[in-house]
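These notes are about the structure you will find just below.
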Amino acid sequence: MASTTGRPAILVARKVFPEVVDHLRAHFDVDLNDTDDVLSPQQLAQRLQGKVGVLTTGSERVDAALLTANPQLKIVANIAVGYNNFDMAAINAAGVLATNTPDVLTETTADFGFALLMATARRLTESEHFLRAGLWNRWSLDMFAGAEVHGSTLGILGMGRIGQAIARRGAHGFGMKVIYHNRSRLDAALEADCKACYVDKAELLREADHLMLVLPYSPEVHHTVGAAEIAQMKRTATLINIARGGIVDDAALAVALREKRIAAAGLDVFEGEPKVHPDLLTVPNVVLSPHIASATMGTRMAMAMLAADNVIAYLTQGKALTPLNPDVTSA
Ligand code: 8YV
């Protein structure tokens, strides 16, 4: 539906906070998908007709087919720091600006990474289920004895902003030895600040007591942790994935957890989410959460506002705040 007021029309592809809608409505005709149902690619292409901007989440794919069907589109603003739902080659070829939401979620996501690590290492959900099921009739010395967190070795795969924030928590808060592997090594000052030591992937897998995955998804990192990598980890280790589904081979992980190849896992993201591999639902030594690492009200508001501000800044002043492809200037 094109604008009826002469103002530019935009689409908000998922439900967002009323404050964000009001902010956008000061500038644009806003079509809000307030059912919050995920639009199919065909529905999204249709709903975008006549719109020059769209706020997306990780659930909406922006690819050549969508862009070809909507040549009027100027900006796609993801309410997420990860943007593997964007086909950047197609977006660049179409001359569309893409934005994401870095920084505003770093500390909140790192907090959650630690929450998941703690819950996994200390068997929090497993023991809660036991209690709720009425099975707790006596205390015993080794009941739900888990893995030590303080003083242990924290391995981080992917050392961007969130990885660094997790490293600081581990090193400064829990006295952990922090090792990391990343495409590129941090500079010395940053390594010192994070108290983190660069190692190769094999050493990371071998030495980590807790291995935290924080790398961005791309096809190249699909199944970066599968049966072969799990086999290199300590049998007492935990694996935490707050990055993206598909980085871990979930089927192989479920087998490894059942066979106690590693002690436990904590997963916030899944291959093919919101579907979860059924075998993960039946193993006790895994903590599962529905992609909520950035979910505090303040942070989700900040993410949605930043996406809105990107659309407003680009469409009214020609310059977005956090562009992924800043060379595009078609607004
Ligand atoms: C988002 C995330 O909430 O920012 C990211 O990359 O994974 C989460 O913080 C989620 O992707 C919704 O778009």
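What you see is a predicted model, and the numbers here were worked out from it, not measured in a lab. Atoms within a ligand are numbered from 1 in the order they appear, just like the ligands themselves. These values consider heavy atoms only, across backbone and side chains, with no hydrogens, waters or symmetry-generated copies.
Under the 3.5 Å distance criterion, with hydrogens and angles disregarded, no donor-acceptor pair is assigned to the side chains of Q164 and Y180. Side-chain atoms of N310 and T322 form a donor-acceptor pair, as typed in the model, at a separation below 3.5 Å. A side-chain N or O of E271 and one of H223 form a donor-acceptor pair less than 3.5 Å apart.
Close contacts between ligand 1 and R244 involve ligand atoms 2 (C), 5 (C), 6 (O), 7 (O), 11 (O) [criterion: under 4.0 Å to a heavy atom]. Residue-ligand proximity, M303 to ligand 1, at heavy-atom distances under 4.0 Å covers atoms 1 (C), 3 (O), 4 (O), 9 (O). Every atom of ligand 1 with a heavy atom of R300 under 4.0 Å away is listed here by number and element: 3 (O). Near A80, meaning under 4.0 Å from one of its heavy atoms, ligand 1 places the atoms 4 (O), 5 (C), 6 (O), 11 (O), 13 (O). Atoms of ligand 1 found under 4.0 Å from any heavy atom of L105 (numbered from 1 in listed order, with element): 4 (O), 9 (O). Close approach of ligand 1 to G58 is summarised as follows: ligand atoms under 4.0 Å from at least one heavy atom of the residue are 13 (O). Interface atoms of ligand 1 facing H291, defined by a heavy-atom separation under 4.0 Å, are 2 (C), 7 (O), 8 (C), 10 (C), 11 (O). Atoms of ligand 1 found under 4.0 Å from any heavy atom of V81 (numbered from 1 in listed order, with element): 4 (O), 5 (C), 6 (O).
Considering NE2 of H291 and CD of E273, their distance stands at 5.5 Å, rounded to 0.5 Å.
With a 4.0 Å cut-off on non-hydrogen atoms, I79 touches ligand 1 through its backbone and not its side chain.
Screening V225, I240, I242, V221 for a side-chain contact (heavy atoms from CB on, under 4.5 Å) involving L213 leaves a single residue, V225.
Taking 4.0 Å as the cut-off between side-chain N and carboxylate O, E259 and R235 do not count as a salt-bridged pair.
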| task | Please report the C-alpha distance between L253 and I230 in whole Å, then the side-chain angles of each, then the deciding distance to 0.1 Å, and finally whether the side chain to side chain contact (heavy atoms under 4.5 Å, CB included) criterion is met. | result | CA-CA 8 Å; L253 176 61; I230 293 170; 4.0 Å; yes
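Residue contacts with ligand 1: S294 is placed with a nitrogen or oxygen under 3.5 Å of a nitrogen or oxygen of the ligand (distance criterion only).
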